[in-house]
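Contents: one structure, followed by commentary.
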There are 2 protein chains.
Amino acid sequence: MDKKLQENMPIYVQIMNRVREAVAAGELKPGDRVAPVREMAQDFEVNPNTMQRALNELEREGLLVSERTAGRFVTEDKELISRLRSEMAVDTVDAFRREMAALGYSDEEMMEFFRKRCEVTGSGALTLERIG
Amino acid sequence: MDKKLQENMPIYVQIMNRVREAVAAGELKPGDRVAPVREMAQDFEVNPNTMQRALNELEREGLLVSERTAGRFVTEDKELISRLRSEMAVDTVDAFRREMAALGYSDEEMMEFFRKRCEVTGSGALTLERIG
DNA sequence: ATTATTGTACTAATTAAATAATACAATAAT
DNA sequence: ATTATTGTATTATTTAATTAGTACAATAAT
């Protein structure tokens with residue numbers, strides 16, 4: 001789970017998305033304990049209040065559960081997690097199609113553009129370029 | 001060019017993107033006159049100041065030019081426009097791959113997911129669903 | 001020449017996000 | 001029992017985006 005945040009979206013929302021992704025991708029597994037609020041705040045270089053806001057909302061979603069002083073954990077509900085992953089993927093694909101369509105690309109052209117882009121840049125090149 | 005705006009990104013940035021897309025897609029052509037600031041502000045249901053901020057920045061980018069009292073126009077620089085379109089498409093594809101990769105999808109799986117999603121929803125279904 | 005339309009500039013007020021600084025509550029560890 | 005660690009709550013401050021309101025400047029239209 002990468003920590004550098006972008007601009008133009010509330011930090012707490014960005015954090016929520018990062019955690020959602022980490023859980024959806026299986027980087028954080030059901031029942032896994034996550035770091036304490038204060039520690040996560042340091043990791044992400046944000047204020048503890050901001051981190052708590054993000055974590056609280058993720059709890060409302062059922063993705064995390066807090067057990068008072070034992071810490072905070074990823075839900076055991078694997079069904080919920082796999083549903084989350086699917087929904088996020090659908091949203092991502094739809095957002096992609098919508099944006100490319102807005103630029104005047106047909107579904108076929110998108111496909112072709114995607115394929116070409118995969119050839120040019122390997123699989124690993126993107127993350128570092130974009131986030132760093 | 002659709003007008004409804006989303007949350008979580010500064011409105012003026014969202015407006016900039018909408019205009020960029022409209023120009024890149026050829027919906028606004030080189031030399032086209034755009035509506036006056038005040039009118040656009042009403043169309044987008046934002047404050048005139050906010051609209052002007054967006055338009056000003058688009059001018060700094062060279063995409064728009066203002067001619068004092070005659071109004072504001074799309075640049076005649078077609079080279080600039082086609083370059084913009086390419087860059088936006090690349091950014092969009094890269095963002096897509098990055099997000100899907102974060103969810104644990106390989107390039108091949110993304111491709112397959114994309115294809116399936118295109119089958120399920122036609123080409124037109126997305127815009128209304130998402131933006132409305 | 002006058003007027004209306006256009007872009008531009010400026011100051012103030014509002015709102016939400018983020019930070020800062022503490023304090024409290026519950027419990028696992030000792 | 002005590003202590004340290006954890007989540008939680010609260011209040012104030014700061015910062016940036018947005019709105020509000022107004023005024024000015026240039027010029028096309030009349």
Side-chain angles (χ1 to χ4, degrees), chain A residues 1-20 22-23 28 30-76, chain B residues 1-20 22-23 28 30-76:
Chain A
M1 174 169 35
D2 198 307
K3 301 289 181 4
K4 300 281 175 48
L5 301 175
Q6 318 160 358
E7 286 300 302
N8 290 341
M9 191 186 300
I11 294 182
Y12 77 94
V13 175
Q14 296 178 48
I15 294 173
M16 289 178 66
N17 284 334
R18 292 299 179 82
V19 177
R20 281 200 201 96
V23 174
L28 288 174
D32 272 3
R33 182 176 190 273
V34 303
V37 209
R38 296 164 175 81
E39 190 177 325
M40 288 190 75
Q42 281 190 326
D43 290 347
F44 281 87
E45 297 178 315
V46 298
N47 190 281
N49 298 325
T50 306
M51 183 57 62
Q52 204 194 337
R53 174 165 183 180
L55 297 178
N56 269 338
E57 301 227 24
L58 289 172
E59 250 171 273
R60 286 199 313 98
E61 292 184 9
L63 203 65
L64 299 179
V65 283
S66 78
E67 262 151 50
R68 218 29 186 152
T69 68
R72 203 178 248 111
F73 302 84
V74 176
T75 178
E76 304 272 10
Chain B
M1 170 171 36
D2 199 307
K3 302 286 180 5
K4 301 282 176 47
L5 301 174
Q6 317 159 359
E7 284 301 302
N8 291 340
M9 191 185 302
I11 293 182
Y12 77 95
V13 175
Q14 296 178 49
I15 294 173
M16 290 178 67
N17 284 333
R18 293 298 178 82
V19 177
R20 280 199 202 98
V23 174
L28 287 174
D32 273 2
R33 182 175 189 273
V34 302
V37 208
R38 295 166 177 82
E39 190 176 324
M40 289 190 73
Q42 282 190 325
D43 291 347
F44 281 87
E45 298 178 313
V46 297
N47 190 280
N49 297 325
T50 307
M51 183 58 60
Q52 202 192 340
R53 175 164 183 182
L55 297 177
N56 268 338
E57 301 227 24
L58 289 172
E59 252 170 273
R60 287 199 313 97
E61 292 183 9
L63 202 63
L64 300 179
V65 283
S66 78
E67 264 151 47
R68 223 21 189 155
T69 69
R72 203 179 248 109
F73 302 85
V74 176
T75 180
E76 303 272 11

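So you know, we letter chains A, B, ... as the sequences are listed, proteins then strands, and number each from 1. Predicted model only: the values in this text are computed from it and were never measured.
- Between B:Leu55 atom CG and C:dA9 atom C1' the separation is 15 Å, expressed in whole Å.
- Counting heavy-atom neighbours within 6.0 Å of A:Glu61 CD, excluding the residue itself, gives a total above 12.
- In terms of heavy atoms, B:Phe73 sits closest to B:Gly31 at CD2-O, 3.5 Å.
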TODO: Give DNA chain C the dot-bracket treatment, 5' to 3': Watson-Crick (N1-N3 with N6-O4 or O6-N4) or G-U (N1-O2, O6-N3) under 3.5 Å, [ ] crossing, | other strand.
DONE: ||||||||||||||||||||||||||||||
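- Within the 4.5 Å cutoff, the side chain of B:Leu64 has no heavy atoms near those of the B:Thr75 side chain.
- In this structure, B:Phe44 atom CZ and D:dA17 atom P are separated by 19 Å, rounded to whole Å.
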Open item on the list: Each nucleotide in nucleotides 1-15 of chain D should get exactly one letter: B, S or -. Can you fill that in based on protein heavy atoms under 4.0 Å?
Closed with: -----BBB-B-----
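- A straight line from CD of A:Glu57 to P of C:dA18 spans 11 Å, rounded to a whole angstrom.
- Residues B:Arg53 and B:Asn56 bring no donor and acceptor atom of their side chains to less than 3.5 Å of each other.
- Counting only heavy atoms from C-beta outward, the side chains of A:Met51 and A:Asp43 never approach each other to under 4.5 Å.
- Between the CD1 atom of A:Ile11 and the P atom of C:dA16 there is a distance of 18 Å, rounded to whole Å.
- Here the side chains of B:Asn17 and B:Gln14 are not in contact, with every heavy-atom distance at 4.5 Å or above.
- Computed from coordinates, the B:Met9 CE to C:dA16 C1' distance equals 17 Å when rounded to whole Å.
- Atom CG in B:Asn47 sits roughly 15 Å away from atom C1' in D:dA16 (whole-Å rounding).
- As rounded to whole Å, 13 Å separates atom P of C:dT19 from atom CD of A:Gln42.
- More than 12 non-hydrogen atoms from other residues, nucleotides or ligands lie less than 6.0 angstrom from CD of B:Glu59.
- The separation between A:Glu45 atom CD and C:dA18 atom P is 15 Å, rounded to whole Å.
- Applying the side-chain hydrogen bond (donor to acceptor under 3.5 Å, both in side chains) test to B:Asn49 and every residue at least two apart in sequence or in another chain returns B:Asn47.
- A:Leu63 is not listed as a side-chain neighbour of A:Met16, based on a closest heavy-atom distance of 4.5 Å or more.
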